[in-house]
Amino acid sequence: EPEVTQTPSHQVTQMGQEVILRCVPISNHLYFYWYRQILGQKVEFLVSFYNNEISEKSEIFDDQFSVERPDGSNFTLKIRSTKLEDSAMYFCASSEAGEPFFGQGTRLTVV
Amino acid sequence: GESVGLHLPTLSVQEGDNSIINCAYSNSASDYFIWYKQESGKGPQFIIDIRSNMDKRQGQRVTVLLNKTVKHLSLQIAATQPGDSAVYFCAETYGNNRLAFGKGNQVVVIP
């Protein structure tokens, strides 16, 4: 069964450093997303991406965040200068037209 | 503001019994609803969805009920099994692909 894959599964970074979280969406999907989940809290929408551009972003997705689809298979989330409060699980998701399917997540720990 | 929320934080259920998880939403414009299951350390896993033009949808051992009059969504799990132990999230969207998640409801299945 096709699935969304994310790497790495766990990333530890120092405050102020840049991180890139990587995702390979399901191959025939057209819509891509990033969500995050701070420990013990609900899943929050960050950004959606369609047709090689951002279609919507939340108030969380400020200038420190960017997304890119560098080739036909990868979808990345970059955080330019990480803050302690960026520590969370980051989930990539993709969809064809209906329900998004989520990856297993990357646990980002900012120290 | 608009919100999606769950009534009960934890539901303990005997193996073999039926489970009912409830969710209230406040955005009357929401037109698509999804239930996700999240096991520890994993990403949200799609269970079942329903569109606003329906009031009931059944899957394998699961049923989702939508009451638009009172803005209420429920997930029924028949013959609950130990593998059903997880956190269950309802999510809504309206006219776009951005999901708004509820806070989650922990289901604990007692063998």
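All chains are named by letter (A, B, ...) in the order of the sequence lines, taking the proteins before the strands, and each is independently numbered beginning at 1.
Salt bridge A:Arg80/A:Glu18: absent, no basic N to carboxylate O contact under 4.0 Å.
For the pair A:Gln6 (side chain) and A:Cys92 (backbone), a donor-acceptor distance under 3.5 Å is present. Proximity of a side-chain donor or acceptor of A:Thr106 to a complementary backbone N or O of A:Pro8 within less than 3.5 Å is detected. Side-chain atoms of A:Thr76 never come within 3.5 Å of backbone atoms of A:Arg22 as a donor-acceptor pair (strictly under, hydrogens ignored). No donor-acceptor pair closer than 3.5 Å links the side chain of B:Ser52 to the backbone N or O of B:Lys68. The main-chain N or O of B:Arg98 is never found under 3.5 Å from a side-chain atom of A:Ser48 such that the two would form a donor-acceptor pair. The backbone N or O of B:Tyr32 sits nowhere less than 3.5 Å from a side-chain atom of B:Thr93 that would complete a donor-acceptor pair.
Within residues 41-50 of chain B, the residues having any heavy atom under 4.5 Å from a heavy atom of chain A are, by residue number, B:Gly41, B:Lys42, B:Gly43, B:Pro44, B:Phe46, B:Asp49. Residues of residues 76-87 of chain B lying under 4.5 angstrom from chain A, judged on non-hydrogen atoms, do not exist here.
Counting heavy atoms of neighbouring residues, nucleotides and ligands inside a 6.0 Å radius, atom CD of B:Gln60 does not exceed 12 of them.
Here the closest non-hydrogen pair linking B:Tyr36 and A:Pro100 is OH-O, 2.7 Å. Annotation for A:Phe75 and A:Pro25: closest pair CB-CG, 4.0 Å, computed over non-hydrogen atoms.
With a 4.5 angstrom heavy-atom cutoff, A:Gln37 touches chain B only via side-chain atoms. Proximity to chain B is absent for every atom of A:Ala93, based on heavy atoms less than 4.5 angstrom apart. When heavy atoms are compared at a cutoff of 4.5 Å, B:Leu99 approaches chain A by way of both its backbone and its side chain. Both the backbone and the side chain of A:Ser58 come within less than 4.5 Å of a heavy atom in chain B. Of the atoms belonging to A:Tyr50, not a single heavy atom falls under 4.5 Å from chain B. Of the two parts of A:Glu56, only the side chain, counted from C-beta on, holds a non-hydrogen atom closer than 4.5 Å to a non-hydrogen atom of chain B.
Here OG of B:Ser74 is found 6.0 Å from CG of B:Asn22. Values are rounded to the nearest 0.5 Å.
Aromatic pair A:Tyr35/A:Phe102: ring centres closer than 6.0 Å.
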